[in-house]
Amino acid sequence: MEYTVKSGSPEKQRIGCVVAAVFASRKLSPSAKVLDKASGGLISNLIRRGELEGDIGGTLLLHNVENTLCDRILLIGCGKEKDLDTSAYCQINKVMASTLEANGATEVASYLTEIPVKNRSLGWKIQLAIEGIEDALYKFTQLKTDKKTSRRPLRKFIFSVSGRGQLMDGEAAVRTGMAIASGIRLCKDIANLPGNLCTPDYIARQALNMQKQFPATRVQVMEENELEQLGMGAFLSVSKGSAQPGKLITIEYSGGTETQKPIVFVGKGVTFDSGGISLKPGAAMDEMKFDMCGAASVLGAITACAELQLEINLVGVIPTVENMPDGKASKPGDIVTSMSGQTIEILNTDAEGRLILCDALTYAERFDPDAVIDIATLTGACVVALGEHPAGLLSNHRPLVNGLLNAGQASGDRCWELPLWDDYQSQLDSNFADMANIGGKSAGAITAACFLSRFAKKYHWAHLDIAGIAWRSGKEKGATGRPVGLLVQYVLDRIAE
Ligand code: BES
Ligand code: MN
Ligand code: ZN
């Protein structure tokens with residue numbers, strides 16, 4: 001879709017649809033007032049009759065309103081004006097996008113830019129609106145024979161601003177919003193593919209595509225024999241049970257100066273997690289195709305940053321494997337040596353994410369990172385602890401925690417800290433090796449992070465457990481594209497600091 005920024009009065013827009021806000025209860029926004037006045041009080045009359053209260057979720061569509069040049073006016077309930085926060089704003093955009101899609105307008109001018117969101121700028125509103133609209137309109141139809149594309153899709157979306165002085169800010173926000181939306185789309189497209197198509201090799205080819213698309217990126221794909229040379233015994237203990245060879249992908253984006261230390265993103269890329277010999281139960285096992293959402297979010301985030309030509313150095317490290325039961329697969333009780341030299345007793349082959357990530361974290365040392373952030377659908381326990389709203393955040397560095405929490409607030413793609421206290425470390429004790437790969441019944445998200453922390457001692461590190469946020473189950477099953485928004489916002493904030 002094409003997004004532009006324009007100033008002008010709502011009744012003078014010669015366009016398919018004008019969108020304006022109504023607040024609870026029954027309070028017209030400035031643009032709704034202008035339209036109301038032009039139409040001789042039509043809107044206020046309808047609202048007095050109870051057609052729209054102004055609560056979030058409510059909409060009212062009017063056709064051919066007198067003394068306006070548009071075909072339709074869409075009034076959107078925005079809730080109480082003083083309660084408008086990020087999550088309310090995201091909800092409003094979602095309602096707007098799905099209503100517009102259903103009513104057949106192809107060109108839209110939105111005046112929702114004028115609604116006040118606490119502590120947020122016009123640019124922020126435009127950026128998040130684009131992300132919200134693109135999210136709401138996304139469909140994964142690649143594998144359907146009937147693509148059911150709308151005959152009248154939304155083509156053009158104009159953000160109205162109050163004066164010409166706001167055009168520059170608005171246009172910059174459009175560029176940022178569109179780049180993030182395209183990173184999110186890439187993340188969803190890769191993550192929604194099933195395990196038979198989205199293999200470690202497929203992910204490697206997606207990374208290599210990025211190198212073609214963006215001259216500032218360099219991609220390297222390492223095969224199992226090279227990983228053996230590096231001593232990645234933990235990684236290989238997972239990949240050896242699969243007919244699909246595992247790979248370690250690195251993507252270097254050089255937008256900064258040569259001496260600037262990079263931010264390294266490490267993304268878990270398990271293209272299917274059967275559990276291995278510690279086989280998972282059958283119910284909803286199909287969803288374990290999403291166990292590569294960390295990897296997909298790294299590809300999406302770096303794509304967005306490269307598209308924006310951000311002046312920063314980034315590295316993506318993606319360990320990617322399939323976790324399968326097999327005659328060659330690792331067995332409970334097996335002991336392997338990680339690249340760091342530390343030995344690991346594999347008590348449960350379903351705790352495979354940490355086994356591939358630990359070697360990737362050791363590998364990340366060679367980039368002399370400013371910070372390392374790993375992103376992984378790591379534990380069901382994180383979903384139990386935090387549900388599906390924030391990602392779990394655990395880190396060995398306070399400023400990194402604060403940076404990620406703030407970026408989460410700003411992007412609407414939130415995370416929440418869990419304690420990485422030493423008290424939990426003893427749960428990983430093993431009688432036979434340096435550590436076990438599981439930490440027992442309690443605090444599963446934390447002990448998983450404790451395990452990773454033992455491989456991340458040489459740099460500032462944060463772990464995002466995205467098991468609860470990376471995809472939705474049920475009727476709306478599919479990848480969410482999170483936490484691409486969070487990661488890009490963190491990068492933008494670091495550049496601005
Ligand atoms: N990929 C899963 C984590 C997961 C499970 C994410 C369910 C989303 C929903 C991970 O590899 C895994 O299996 N973790 C185990 C760890 C356990 C064996 C210590 C889990 O969470 O059950
Ligand atoms: Mn698993
Ligand atoms: Zn897994």
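All ligand and atom numbering here is 1-based and tracks the order in the structure. Remember, predicted model here, so these are calculated numbers, not experimental data. Position 1 is the first residue of the sequence; numbering continues from there.
In this structure, atom 16 (C) of ligand 1 lies nearest to the protein heavy atom R354 NH2, 3.9 Å. Counting protein heavy atoms only, atom 20 (C) of ligand 1 is closest to G380 N, 3.9 Å. When only non-hydrogen protein atoms are considered, atom 12 (C) of ligand 1 lies nearest to D350 O, 3.2 Å. Looking from atom 18 (C) of ligand 1 to the surrounding protein, the closest heavy atom is N348 ND2, 3.5 Å. Given atom 10 (C) of ligand 1, the protein heavy atom at minimum distance is L378 O, 3.3 Å. Counting only heavy atoms of the protein, atom 2 (C) of ligand 1 lies nearest to D273 OD2, 3.5 Å. Atom 9 (C) of ligand 1 has M288 CE, 3.6 Å as its closest protein atom, hydrogens excluded (heavy atom only). For atom 6 (C) of ligand 1, the closest non-hydrogen atom of the protein is A467 CB, 3.6 Å.
Put simply, the side chain of S237 gets close to the backbone of A234: a donor and an acceptor are under 3.5 Å apart.
Taking the charged nitrogens against the carboxylate oxygens, R185 and E131 have no contact shorter than 4.0 Å, which rules out a salt bridge. The pair K94-D135 fails the salt-bridge criterion, with no side-chain N (NZ, NE, NH1 or NH2) lying under 4.0 Å from an Asp/Glu carboxylate O. Using a 4.0 Å cut-off between a side-chain N of Lys or Arg and a carboxylate O of Asp or Glu, E134 and K188 do not qualify as a salt bridge. Using a 4.0 Å cut-off between charged side-chain N and carboxylate O, D326 and K240 make no salt bridge. Salt bridge annotation for R398-E417: present, with a cationic side-chain nitrogen under 4.0 angstrom from a carboxylate oxygen.
Nearest N, O or S atom of E352 to the Zn ion (ligand 3): atom OE2.
Note that K125 lies outside the cation-pi zone of Y89, set by a 6.0 Å cut-off to the ring centre and a 45° limit from the axis.
Within ligand 1, the atoms closer than 4.0 Å to a non-hydrogen atom of E352 are 11 (O), numbered from 1 in the order shown. Proximity to D291 (heavy-atom distance under 4.0 Å) selects the following atoms of ligand 1: 1 (N), 11 (O). Of all atoms in ligand 1, listed by their number and element, those nearer than 4.0 Å to a heavy atom of K280 are 12 (C), 13 (O). Interface of I438 with ligand 1, defined as ligand atoms under 4.0 Å from a residue heavy atom, comprises 19 (C).
Metal site remark for the Mn ion (ligand 2): D350 contributes an N, O or S atom at a distance under 2.8 Å. Among the atoms of D291, an N, O or S atom is found under 2.8 Å from the Zn ion (ligand 3).
When non-hydrogen atoms are compared, ligand 1 lies under 4.0 Å from the side chain of K268 (C-beta onward) but not from its backbone. The residue N323 has no part lying near ligand 1, judged by heavy-atom distances below 4.0 Å.
At a 4.0 Å cut-off, at least one heavy atom of T377 sits close enough to ligand 1 to count as contact. For the ligand labelled ligand 1, residue W471 lies inside the 4.0 Å heavy-atom shell.
Other residues, nucleotides and ligands contribute more than 12 heavy atoms inside 6.0 Å of the NZ atom of K280. More than 12 heavy atoms of other residues, nucleotides or ligands shown are found within 6.0 angstrom of CG on N225.
There is no protein heavy atom closer than 4.0 angstrom to atom 22 (O) of ligand 1.
Ring orientation note: the planes of F455 and F451 are tilted relative to one another, at an angle of 30° to 60°. Using cut-offs of 30° and 60° on the angle between ring planes, the pair Y3 and F157 is tilted.
A side-chain donor from one of N192 and Y138 sits under 3.5 Å from a side-chain acceptor of the other.
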Exercise. Under the salt bridge (charged side-chain N to carboxylate O under 4.0 Å, His left out) criterion, do K118 and D85 qualify, and how do the steps go?
Worked result: CA-CA 6 Å; K118 270 180 228 155; D85 59 9; 5.7 Å; no

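Geometry about the Zn ion (ligand 3) gives an angle of 180° between NZ of K268 and OD2 of D273, rounded in steps of 10 degrees. The angle that E352 OE1 and D273 OD2 make at the Mn ion (ligand 2), rounded to 10°, works out to 100°.
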